[in-house]
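Keep in mind that what you see is a predicted model, and the values were worked out from it rather than measured.
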Amino acid sequence: GLQNATWEQTIKALNTPEAVAGYDDKYIAYVPHGSGTYTPKETFDKKAGVCRDHARFQASILKMNGYQAYMLSYGGASVNHAFVAYIDKDGTWNAIEYGRVYKAGAKSFEELVASLQQHFSNKKGYEIDWTRVGLNEPDDLQVMFNERGAMIKEVINRGFDRDLKY
């Protein structure tokens with residue numbers, strides 16, 4: 001197993017979205033820690049974090065294994081939430097939320113978000129506010145676009161002033 005694996009061994013072993021999600025589910029706990037975001041390595045070391053820590057860790061591991069992967073974050077009705085959006089080897093957009101892979105098979109980011117709308121509308125307070133959807137590079141947390149194509153800073157990432165590189 002990977003319980004005692006090094007950071008480098010873990011990166012190498014988690015070379016598919018399913019492996020990344022399975023590792024997250026088995027080894028990384030949901031533990032609130034206030035504002036801010038852990039680096040992927042901090043999440044690995046602590047084996048804990050909130051949704052944005054899980055998402056940055058997962059997206060970073062996928063990127064290091066050749067996937068286009070992003071931390072997808074949004075403002076919900078009563079919560080902010082983050083998970084992973086990635087482009088699979090077949091060119092389709094899919095998602096990971098904690099230990100679960102959503103094989104949406106979407107042809108675009110917008111189609112992926114639309115397909116996930118149903119899932120999140122079933123969770124009270126998690127309904128997606130379409131004006132607050134952003135796609136972040138896990139290494140710099142700069143939002144690439146929202147559904148209107150605007151460059152915005154993600155709401156939950158405001159005020160970060162420390163180095164967030166690997």
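Panel note: side chain Gln9, backbone Thr6; a donor-acceptor pair is recorded below 3.5 Å. Between the side chain of Asp88 and the backbone N or O of Gly105 there is no donor-acceptor pair closer than 3.5 Å. With hydrogens and angles disregarded, no donor-acceptor distance shorter than 3.5 Å links the side chain of Asn65 to the backbone of Leu62. Distance alone, capped at 3.5 Å, places no donor-acceptor pair between the Asn94 side chain and the Tyr86 backbone. Not a single donor-acceptor pair under 3.5 Å links the side chain of His54 to the backbone N or O of Val84.
Between Ala104 and Leu112, the closest heavy-atom pair is CB-CD1, 3.6 Å. A pairwise comparison of heavy atoms in Ala69 and Ala59 identifies CB-O, 3.6 Å as the closest pair. When every heavy atom of Ala48 is checked against every heavy atom of Ile28, the shortest pair comes out as N-CG2, 3.8 Å. Glu111 approaches Ala106 most closely through the heavy-atom pair OE2-CA, 3.3 Å. When all heavy atoms of Met71 and Ala55 are compared, the closest pair comes out as CG-CB, 3.6 Å. Gly66 and Lys89 make their closest contact through O-NZ, 4.1 Å (heavy atoms, listed as atom of the first residue, atom of the second, distance).
Within the cation-pi definition used here (under 6.0 Å to the ring centroid, within 45° of the axis), Lys47 qualifies as a partner of Phe44.
Neither Phe83 nor Val31 shares a network with the other; the hydrophobic side chains, linked directly or stepwise wherever heavy atoms of I, L, V, M, F, W or Y lie under 4.5 Å apart, form separate groups for each.
Remark: Lys63 NZ to Ile11 CD1 distance equals 13.5 Å, nearest 0.5 Å. Note that CG of Asp53 and CG of Asp24 are 10.5 Å apart. Values are rounded to the nearest 0.5 Å.
By the 30° and 60° cut-offs, the orientation of the rings of Tyr30 relative to Tyr98 is perpendicular. Classified by interplanar angle (parallel below 30°, tilted 30° to 60°, perpendicular above 60°), the ring pair Trp7/Phe57 is tilted.
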>> Under the criterion side-chain contact (heavy atoms from CB on, under 4.5 Å), I'd like the reasoning laid out for Leu14 against Leu2: C-alpha separation, chi angles, the key distance, then a yes or no.
In response: CA-CA 10 Å; Leu14 303 183; Leu2 291 171; 3.7 Å; yes
> Can Tyr70 and Trp93 be said to form a side-chain contact (heavy atoms from CB on, under 4.5 Å), step by step?
Replying inline: CA-CA 11 Å; Tyr70 308 93; Trp93 283 84; 3.8 Å; yes
> Would Val50 and Tyr38 satisfy side-chain contact (heavy atoms from CB on, under 4.5 Å), going step by step from the backbone distance to the final call?
Replying inline: CA-CA 9 Å; Val50 294; Tyr38 293 151; over 6 Å; no
> Does the pair Ile87 and Thr92 meet the rule for a side-chain contact (heavy atoms from CB on, under 4.5 Å), with working shown?
Replying inline: CA-CA 5 Å; Ile87 300 176; Thr92 61; over 6 Å; no
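Annotation: Lys26, atom NZ; neighbour count of heavy atoms from other residues, nucleotides and ligands within 6.0 Å does not exceed 12.
Residues forming a salt bridge (Lys or Arg N to Asp or Glu O under 4.0 Å) with Asp45 (at least two apart in sequence, or on another chain): Lys41.
Using a 4.0 Å cut-off between charged side-chain N and carboxylate O, Arg56 and Glu42 make no salt bridge.
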